[in-house]
Trainee: 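Could you have a look at this structure, given as structure tokens, before my questions?
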Amino acid sequence: MTTLYLTRPQITLRGDRTHFTLHHRHLISSRYPISNVQQIVCFEGAQLHRSSQREIQRQRIPLLQLDRTGAICGRWNPAISPVQRHASPSHYLDLAQWLAQSHLKEAMDLLKHLKGTPTLAATRSILALLHDSLGDADTLDLVRGYYATATAYYDRALRESLTAYLLQLNGSRPLMSLSQLLRVGESLLHHRLELALSHAHLDLSLAYLHSPTDCEVPLVCDGVAVLRPGFVDGFVWRWLHRCSGGSRTWLGFCTAWERQPLLGDCLDEWVERLSRWSDQTT
């Protein structure tokens, strides 16, 4: 997927019928054929001219806007109608258990590779216990409770380990905070999953690990939960290890994120498995 990242402040995107142009201080800095742009990610400080907004909607190009923390503050996706599916409560429980166990497995695999804090081994033991207990959970609320508990332990161990490593970087430390790096990665994954699930005609309001009161699109949040340890948290850890010798800009970060091996394959595989499950329960 070809993504146009607008990461520099005080830059404006304009558009005509054939090209997007980036303007900085009233000068054109870059031109991109509209036919080559499949989505646009806009960081805080970058501006969208009315001409580019018109072309984004006319060409049905997905748009993601991030605030200064890296969280999603706006988005526009072409409307795709989901296929209505109806499943029994037992199927909801089965899928919630599968999602929670997948999340815990990915989290344990990542923590196994991290170093630096005594919390890691204890956290892996707790996650392993919760993973084994999920098969006995007989209600959706209980599965969600296990997932929330596991996430709290995992997030604490992850941040403790990454913070300890950042302190060792000294002059090679990136200008972005750890919270910003993790949040931007999660926002990029959330956006990409939302597009993939929509194109598969799945109902984004379906709730398994997350209830509709937890987030606006609970099915996307479920997918982020499963894929985040490998493709956000693990990526940030790997990027921090390499950033001293490469680009420490947001454009460098986003470009490296897009080039992660197996990102597209794993995402497509997860969406396909979810689609097959949905077809079997209708």
Side-chain angles (χ1 to χ4, degrees), residues 5 7 41 43-44 64 66-72 100 102-131 146-193 209-210 215 221-263 266-267:
Y5 288 102
T7 60
V41 177
F43 281 64
E44 186 181 58
L64 174 68
L66 306 178
D67 63 18
R68 61 180 179 82
T69 70
I72 297 173
S102 299
H103 164 75
L104 287 170
K105 182 180 181 302
E106 293 293 326
M108 288 186 290
D109 286 346
L110 176 60
L111 293 182
K112 184 170 62 177
H113 292 90
L114 298 181
K115 300 178 182 179
T117 70
T119 308
L120 294 179
T123 302
R124 287 199 303 271
S125 298
I126 293 171
L127 298 188
L129 178 62
L130 291 169
H131 180 278
Y146 283 173
Y147 163 72
T149 300
T151 300
Y153 278 103
Y154 166 73
D155 285 346
R156 186 184 68 175
L158 173 74
R159 288 180 175 273
E160 186 176 303
S161 180
L162 292 180
T163 300
Y165 180 74
L166 270 176
L167 294 175
Q168 301 173 17
L169 292 179
N170 296 325
S172 299
R173 194 180 308 173
L175 297 177
M176 312 83 147
S177 69
L178 177 60
S179 294
Q180 286 177 308
L181 293 171
L182 292 171
R183 180 64 69 184
V184 167
E186 187 173 329
S187 296
L188 295 175
L189 179 59
H190 189 285
H191 181 62
R192 189 157 177 174
L193 265 170
L209 292 183
H210 298 82
C215 55
C221 294
D222 286 351
V224 170
V226 174
L227 298 175
R228 178 171 70 94
F231 293 108
V232 176
D233 307 332
F235 167 73
V236 169
W237 174 65
R238 294 188 296 271
W239 188 79
L240 288 174
H241 279 71
R242 297 194 303 263
C243 71
S244 59
S247 174
R248 289 180 284 173
T249 64
W250 278 123
L251 182 58
F253 178 89
C254 294
T255 301
W257 189 87
E258 290 279 353
R259 294 175 178 171
Q260 288 187 84
L262 304 179
L263 171 62
C266 287
L267 189 148

Trainee: Calculate, to the nearest 0.5 Å, the distance between atoms CG and CD belonging to L227 and E186 respectively.
Mentor: 11.5 Å
Trainee: Tell me every residue that passes side-chain contact (heavy atoms from CB on, under 4.5 Å) with L129, counting only those two or more places apart in sequence or in another chain.
Mentor: S133
Trainee: Do L267 and L193 come close enough that some side-chain heavy atom pair is under 4.5 Å?
Mentor: yes
Trainee: State, yes or no, whether a side-chain contact exists between L188 and E258 at a heavy-atom distance under 4.5 Å.
Mentor: no
Trainee: Crowded around L167 CG? As in, over 12 foreign heavy atoms under 6.0 Å?
Mentor: yes
Trainee: Could you tell me which non-hydrogen atom of C221 sits nearest to which non-hydrogen atom of H190, and how far apart they are?
Mentor: SG-NE2, 4.3 Å
Trainee: Assess whether atom OH of Y153 is packed by more than 12 heavy atoms of other residues, nucleotides or ligands within 6.0 Å.
Mentor: no
Trainee: Answer yes if the side chains of R238 and Q260 hold a donor-acceptor pair under 3.5 Å, and no otherwise.
Mentor: yes
Trainee: Any idea how F253 and F235 line up, ring-wise: parallel (<30°), tilted (30 to 60°), or perpendicular (>60°)?
Mentor: perpendicular
Trainee: Among residues at least two apart in sequence or on other chains, which ones pass side-chain hydrogen bond (donor to acceptor under 3.5 Å, both in side chains) with H191?
Mentor: Q39
Trainee: Tell me which one of Y5, W257, F43 satisfies ring pair (Phe, Tyr, Trp, His ring centres under 6.0 Å) with W250.
Mentor: F43
Trainee: Using side-chain heavy atoms (C-beta onward) and a distance below 4.5 Å, is Y146 in contact with H131?
Mentor: no
Trainee: State, to 0.1 Å, how close L158 and L110 come at their nearest heavy-atom pair, and which atoms those are.
Mentor: CD1-CD2, 4.1 Å
Trainee: Taking only residues two or more places apart in sequence, or in another chain, which ones meet D222 in a salt bridge (Lys or Arg N to Asp or Glu O under 4.0 Å)?
Mentor: none
Trainee: Which residues satisfy the salt bridge (Lys or Arg N to Asp or Glu O under 4.0 Å) test with D67, sequence neighbours excluded?
Mentor: none
Trainee: Do P174 and W239 have side chains that approach each other closer than 4.5 Å (heavy atoms only, starting at C-beta)?
Mentor: yes
Trainee: Taking the side chain as every heavy atom from C-beta outward, state whether L120 and R124 have any pair of such atoms under 4.5 Å apart.
Mentor: yes
Trainee: Counting only heavy atoms not in R183 (residues, nucleotides, ligands), do more than 12 fall under 6.0 Å from its CZ?
Mentor: no
Trainee: Are D233 and R159 close enough for a salt bridge, meaning some N to O gap below 4.0 Å?
Mentor: no
Trainee: Would you say L178 and V236 make side-chain contact, with heavy atoms under 4.5 Å?
Mentor: yes
Trainee: Run the side-chain contact (heavy atoms from CB on, under 4.5 Å) test against E106 and tell me which residues pass, sequence neighbours left out.
Mentor: P229
Trainee: What do the steps show when you test L162 against L181 for side chain to side chain contact (heavy atoms under 4.5 Å, CB included), and what is the final call?
Mentor: CA-CA 11 Å; L162 292 180; L181 293 171; over 6 Å; no
Trainee: Run the salt bridge (Lys or Arg N to Asp or Glu O under 4.0 Å) test against K105 and tell me which residues pass, sequence neighbours left out.
Mentor: D109
Trainee: Atom NE2 in H103, atom OH in Y154: separation rounded to 0.5 Å?
Mentor: 7.0 Å
